[in-house]
Amino acid sequence: MTLFPPKKWLNTPHSTLEVDKMANIQSLLNSAGFDPWGLDPDTLRRTVTILSWFYRHYFRVVTHCIERVPQGRVILAVNHGGQIPIDGMLIFLALMLEGKPPRLARALTDRLIPRIPFISTLFMRCGHVIGTPQNGRTLLDQDQCIFVFPEGVRGSGKTIFNRYQLQKFGTGFIRLALETQTPIVPVAVIGAEEAFPAITHFKGLAKVLKIPYLPVTPLFPALGALGLMPLPTKVTIRFGKPIQFKANDRCSDSDVQKMNRRLKMAINRELTLGLKKRGKAIFTASAA
Amino acid sequence: MRQHNQKKTQKPLLLITGASGRLAQLTAQVLKNTYSIVGVDPRPLGNKVKFPGIFKCIDNTKRDLDEIFRRYAFESVLHLGRIKFTVRQNIQNRFDHNVKGTHHLFHLVKNYDVKHLLVMGTYHVYGAHADNYLYLEEEAPLRGGQMFPELVDAIEIDHMAQTMMWRSAETSTTLLRPANIIGPKLNNAICRLLKNPYCPKLLGYDPLMQFVHEQDMVQAIQACLIHPTTGIYNLAGEGPIPYSAAIRLVGSKALPVPYTLLASGMGALAKTKFPFSRYLLDYFRYPTVISDRAFRRYYQFSHEQTLKKTLLSLGHVQS
């Protein structure tokens, strides 16, 4: 029996078709109906149905040059910010709802995720996996699309004063791309970094709770749980031109750093262009 | 005497340890036409069980096992005799039996020039950790003993088998690390758990699990014995499935219990017939998914039973 969402929601045109269209998922399902990474098409369909409302009506997402995402194996490198990974959720939905053809973008998640009850299960059922090089390699060998946040926690934990200032990038995903000869698409998400504007952090409490950070925003913790609701900023996702790095996967760290800088510049370029177009109207203007 | 026995039997001789176990009996039934089988186990055979060969009630740690090797010139040895979790044995006894017994057996295998040794390990040796990647290969570190000493004996046997590989080059030693083996004829902890009408499940966690059907397991053992090679191989079934989905397919109902409650209540539960130990809890919290690509490639092996059929074979649905 389906409790939520109601069946009539599931039958709306934009809910069922995206998941069913993704032939690369259907072909991987085993006899029990799960893919090799624990994805359950039914859970995915329900999740997309619920979240697509936020995508279309709350954040009113606009995509720019989504057709630049190539077929086959690909890594999307995305800027990170806004304390809670709304940007990840919107990238995931963008590729599914507006991808041509729709495709599943799998997040390589933080190692904290499997430790969180319920969230770990939901992430797995939607096809996301823990961010280890081995998982990334296996997924890319299967010609999957994965997305990474090269800034990691350094990016998501930024305060509002540092928004859209790219932090230090990790290098693991570059080596992964070299090893598997995968193109990297630079992606800039504009709007998500203002949705949860952290002024400062409760550093001591975060340490006690063993979480990377605990933000303080104008609404949280003042309004309690209600303060956790992100602001309805207008979000634009800009996809840059794919970059195919050509080097031996045993190249030195300094070479990888050079590639990293090139990629960072590409994301920065998209951010600058988008921010210029959007201006100060964070709730209404598009950055496309 | 040893030579005399070898001449008398046309078929090659196979020793199976842990012969009272259900998997050993299933394997013996399949191999009885290819091998002359001698089974040993400290536990007696069940009343209605007919072992297809010679059965001796012998402890692997005792000298009686030497006599078996003196009397029969074994071509192959299948080591299934590891005592798993049981409420009747404390950790020390279990460790002694498993590790000392295995050491004794391997010593005899080396001394009596057995051509092939097949050791049944377990995927538990990899350990259940939040940061485990999916599809652990055979080279992955064995972290099972990090949290609980109950798994140290399994890891020790694993290491001993690996040592045999280079120490005794004349014997081809194969080490199998299968995922959860289930089937209608088995009675191991995971089968007993899934056959319960209500299966406890950790609240908020639903890790991926792999299941191998008993028939596929027997086929894999047969393949290893027919084409002996030295190596370590994982063995998984068709693909992983979330634990809750496995419960649903078997026809049971999931009973979500908070981790802290179940972990603290394990001591009391251990005194009942509840087939579970605290050290296994993490396998129901974090995934330990193994890759059996090497085994499939080398032996051209493919499972016959699908995941769905494997779980349905437990028969709870029909009852």
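So you know, we letter chains A, B, ... as the sequences are listed, proteins then strands, and number each from 1.
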Counting only non-hydrogen atoms closer than 4.5 Å, does A:S31 touch chain B with its backbone (N, CA, C, O), its side chain (CB onward), both, or neither? both
I need the single residue from B:L311, B:L307, B:L314 that forms a side-chain contact (heavy atoms from CB on, under 4.5 Å) with B:L249. Which is it? B:L311
Partner chain B: residue of A:G131, A:S120, A:P36, A:A32 with the largest heavy-atom pair count (under 4.5 Å): A:P36
Can you tell which part of [X] gets under 4.5 Å to a heavy atom of chain A, answering side chain, backbone, both or neither?
| X | answer |
| --- | --- |
| B:Y205 | both |
| B:Y133 | both |
| B:L203 | both |
| B:S291 | neither |

Side-chain contact test, heavy atoms from C-beta onward, threshold under 4.5 Å: evaluate it for A:R137 versus A:L176 and give yes or no. yes
Would B:R285 and B:Y259 count as a cation-pi pair here, with the cationic atom under 6.0 angstrom from the ring centre and within 45° of the axis? yes
Classify the ring geometry of A:H201 against A:Y213: parallel below 30°, tilted from 30° to 60°, perpendicular beyond 60°. tilted
Once the angle between the rings of A:F220 and A:F196 is folded into 0 to 90°, is it parallel (under 30°), tilted (30 to 60°) or perpendicular (over 60°)? tilted
